[in-house]
Amino acid sequence: MPERILQEVFGYAHFRGPQQAIVDHVVAGGDALVLMPTGGGKSLCYQIPAIARQREGRGVTVVVSPLIALMHDQVGALHEAGVDAAFLNSTLDWEQTQEVERRLMRGEITLLYAAPERVTTPRFLSQLDSLKERGKLSLFAIDEAHCVSQWGHDFRPEYRALTVLHERYAGVPRIALTATADALTRADIVERLQLESARQFVSSFDRPNIRYAIVEKKDPTTQLLRFIQREHEGDAGVVYCQSRKRVEEMAQTLRDAGLEALPYHAGLDAAVRQKHQDRFLREDGVVMVATIAFGMGIDKPDVRFVAHLDMPKNIEGYYQETGRAGRDGEAADAWMAYGLQDVVNQRRMIDESPAGEEFKQAMRGKLDALLSLAEASDCRRVRLLRYFGEHSTPCGNCDNCLNPPQVWDGTDAARKLLSTIYRVQQHSGISFGAGHVMDILRGRTTEKVTQFGHAALSTFGIGSEFTEAQLRGVMRQLIAIGALSVDAQAYNTLQLTDGSRAVLKGEVAVMLRESVSAPAERKKSRRDKPARGAPSPAAATLDTAGQARFAALKAWRGEVAREHNLPAYVIFHDATLAAIAERAPATLEDLQGVSGIGSKKLEAYGADVLRVCAAF
Ligand code: ADP
Ligand code: ZN
């Protein structure tokens, strides 16, 4: 039966990866913990069991989710597929709430989405009690289950109270889902939600369609603009910045360059934030410039790029944020610019945080792992996956695989740099910042060098063969391996550390990627993309007539989406429209078997689609 539901309701031919096993397990009443990367297809893992069990007369599935802003669209998507669904959260008024409750008690709802704080109210629990008594409480799905863990980045105290589901409704199966892979978080979820006897389904975390690239930060604004204009004109994307101020500035810069860019951060009015999120979800080609406040649960499938202008705190954060690109499985980019200042800033934030030393040590370890990813000259994906405990081979779809960087031995430069820092400190009794140290090393007689008499040092000019870019690379690397530190309390001056000695003595080799003066250009575009107004990757292989049909279908979809007050992708994905355009259907039979057209959508939209296509 699950496979029939997949085809009939959702219009998909096959289950993906572990979906089938998960669905079978849950339909049969087993508990499950599902770890799957973003875009892996978690929703179907509980939606199909919900439908199957409802058809068996077992009643409603309650979906607990913290993503209130998205519930409307999620429920809308189920309605489009002909599934009875509803949500309960603070956006409903009293009357609407009562209406949903009445439908719930009458058994008219297959999937009920609810915020965690709602689920644990006495009122709601008593309604569940009565459903349970009548055997009409089928399943609990706990989405974004990592919210229960303090180790995760989205801790929600309300999630802790969800143990009531287990205690009060012992016989009702539960499925918990998350895209956070980290072993610590996983153990925490199991313990906090009492899922000890649940079967665990752990997927590979690879996202093969995402191309990873990390470039050296020079002039980030220009670099970003060039990246978007070259690769992603007209595409939807997310640009992450650290501060609200940067977000505002960058959104303005992109708008000035003619892009449809909107800011999003916690300092904006809730209404403005909601409006910007809606536009991002509903319109084509909007670029959201945001702090990390934006993104959890954004299920827009056609985000074509995620760009980081500032470095995240750790690999978990980086992977989760970049994971928002390409949920539809089509080619997408994860692009990050990073530089010495990022390293300094992140170190400082850790040093200055009020947390205990043990916690800080853990944070530094996580930061170091990200730094070494950024400095790596081998496959980025191999390193990312290794971080999550997976073994893989070079991917052929990251910057380092596509354009292997030159590597140079920076050991000599590192030793010269460290001894300069040592001499300066000895000579003047104080420490200096990166710029001045590099001037001494490169033998430049600046005003400051003269003022402090640093031209007399034995290390003055001993590094004249190195460029400033090379030396910055050396410093980043030294900071990454803990052989150098930056004192935030004292004007970002450079300090030797316990780890400096081994480098000075030549016991540690320092290998570096060659600094390139321009961001590495793509040798060849992976999709021969015509410049402006380029079609989405799904449509890249269509002939001219096909392109015209695709464009017309998109325009039609836009109208339907507006009428239904839903994002366009909820009606049909780009890939579905592209498949229709390619078939040039003349009859309803021609539409049968197109991925993404279930029976309800065929009935509702089939005739319209044929009419649109007939015009060509
Ligand atoms: P997740 O919640 O794991 O990030 P979703 O449940 O949003 O992922 O699914 C990602 C996309 O993949 C959705 O657009 C969904 O429709 C699609 N999808 C999921 N399972 C399948 C499948 N078996 N066949 C085709 N498309 C699928
Ligand atoms: Zn690679």
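Basis for what follows: all heavy atoms, side chains included, without hydrogens, waters or symmetry-related copies. We count ligands from 1, going down the list as the structure has it; atoms in each ligand are counted the same way. Nothing fancy with the numbering, it's 1 onward along the sequence.
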Under 4.0 Å from ligand 1 - residues by heavy atom, chain and number: Y12, H14, F15, R16, Q19, P37, T38, G39, G40, G41, K42, S43, L44, R327, H573

F294: partners by ring-ring contact (aromatic ring centres under 6.0 Å, His included), with sequence neighbours left out: Y264, F280

Count, waters excluded, of protein N, O or S atoms under 2.8 Å from the Zn ion (ligand 2): 4

side-chain contact (heavy atoms from CB on, under 4.5 Å) partner of L384, chosen from T322, I210, I315: I315

Test item: R583 side-chain N/O and D590 main-chain N/O as donor-acceptor pair under 3.5 Å: yes

Side-chain donor/acceptor of E330 to backbone N/O of D302, under 3.5 Å: no

Table please: side-chain donor-acceptor pairs of residues 564-573 below 3.5 Å, with sequence neighbours left out.
unit_1: H564; atom_1: ND1; unit_2: E80; atom_2: OE2; d: 2.7
unit_1: N565; atom_1: OD1; unit_2: R282; atom_2: NH1; d: 2.7
unit_1: Y569; atom_1: OH; unit_2: D299; atom_2: OD1; d: 3.2

Q19 side-chain N/O to L44 backbone N/O, donor-acceptor pair under 3.5 Å: no

D342 side chain to M311 backbone, donor-acceptor under 3.5 Å: yes

Distance in Å, I68 CD1 paired with N89 CG, rounded so as to fall on 0.5 Å steps: 5.0 Å

Donor-acceptor contact present, side-chain R381 to main-chain R207, <3.5 Å: yes

